[in-house]
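Please read the structure below before turning to the comments.
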Amino acid sequence: MKNELVIEWKHVGRDIENTCERCGVTGRAVMDVVEQIHPILEEEGIAVRFVETVLENEAIADSNSILFNGVPLENLIEGMEVTSTPCASCSCITGQDNVECRAIEYNGERYESIPPELIARAALKALGLE
């Protein structure tokens, strides 16, 4: 078992208030999960650190992604696939037409914003606890 969990959330836009709608929902979900698991993991001797990485507009393909100790969410949960869908708010942020933002497909569902339960599950898998 690892003694540190670094959760990195990547997105375009200046900050959580100035990113696309779906990235903002994902970012708030990540912060909520970190807040919930932090005290539990610290009791087990595992340090938790949250890192927010603001991407340049040209890196839109990496926006709305979450890494756990450097491993992407989709590599931690079996059967999860990365896709992209049109995103009007990313178009506004980047000043480009017809921009697509990152989304995931899992168990027959498409998620444009990553739900907290999948974030928490990936965190546990990254630590070898699931």
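Val48 and Phe68 fall within a single hydrophobic cluster, where Ile, Leu, Val, Met, Phe, Trp and Tyr side chains are chained together by heavy-atom contacts under 4.5 Å. Linking ILVMFWY residues whenever their side-chain heavy atoms come closer than 4.5 Å, directly or via other members, leaves Val6 and Phe50 in distinct clusters. The hydrophobic clustering, which links ILVMFWY residues whose side-chain heavy atoms are closer than 4.5 Å, places Val25 and Val33 apart.
Two residues are said to be in side-chain contact when any heavy atoms from C-beta on lie closer than 4.5 Å; Glu74 and Arg102 meet this criterion. Between Val71 and Lys125, every side-chain heavy-atom pair lies at or beyond the 4.5 Å cut-off. Between Thr53 and Leu67 the shortest side-chain heavy-atom distance does not fall below 4.5 Å. Taking the side chain as every heavy atom from C-beta outward, Cys101 and Glu112 never approach each other to under 4.5 Å.
Rounding to the nearest 0.5 Å gives a distance of 10.5 Å between CE of Met31 and CD1 of Ile119. With values rounded to the nearest 0.5 angstrom, His38 atom NE2 is found 11.5 Å from Ile40 atom CD1. Note that NZ of Lys10 and CG of Leu55 are 6.5 Å apart. Values are rounded to the nearest 0.5 Å. To the nearest 0.5 Å, atoms CD1 (Ile104) and CD1 (Ile114) are separated by 3.5 Å.
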Quiz item: Could you go step by step and tell me if Ile37 and Leu5 meet the side-chain contact (heavy atoms from CB on, under 4.5 Å) rule?
Solution: CA-CA 10 Å; Ile37 66 173; Leu5 177 63; 4.0 Å; yes
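Side-chain atoms of Asn69 come within 3.5 Å of backbone atoms of Glu4 as a donor-acceptor pair (strictly under, hydrogens ignored). A donor-acceptor pair under 3.5 Å is absent between the side-chain atoms of Arg121 and the main chain of Ile77, judged by distance alone. At distances below 3.5 Å, not a single donor-acceptor pair connects side-chain atoms of Asn64 with backbone N or O atoms of Thr26. Ser63 places a side-chain N or O within 3.5 Å of a backbone atom of Val12 that can act as its donor or acceptor partner.
The two residues Pro72 and Gly70 have their closest heavy-atom pair at CD-O, 3.7 Å. Shortest non-hydrogen contact noted between Tyr106 and Glu78 is CE1-O, 3.3 Å.
Counting heavy-atom neighbours within 6.0 Å of Glu21 CD, excluding the residue itself, gives a total of 12 or less. Counting heavy atoms of neighbouring residues, nucleotides and ligands inside a 6.0 Å radius, atom CD of Glu35 does not exceed 12 of them. The neighbour count for Glu117 CD, taken as heavy atoms of other residues, nucleotides or ligands under 6.0 Å away, is above 12.
Judged as a side chain to side chain contact (heavy atoms under 4.5 Å, CB included), and not counting sequence neighbours, the contacts of Thr83 are Ala103, Glu105, Arg110.
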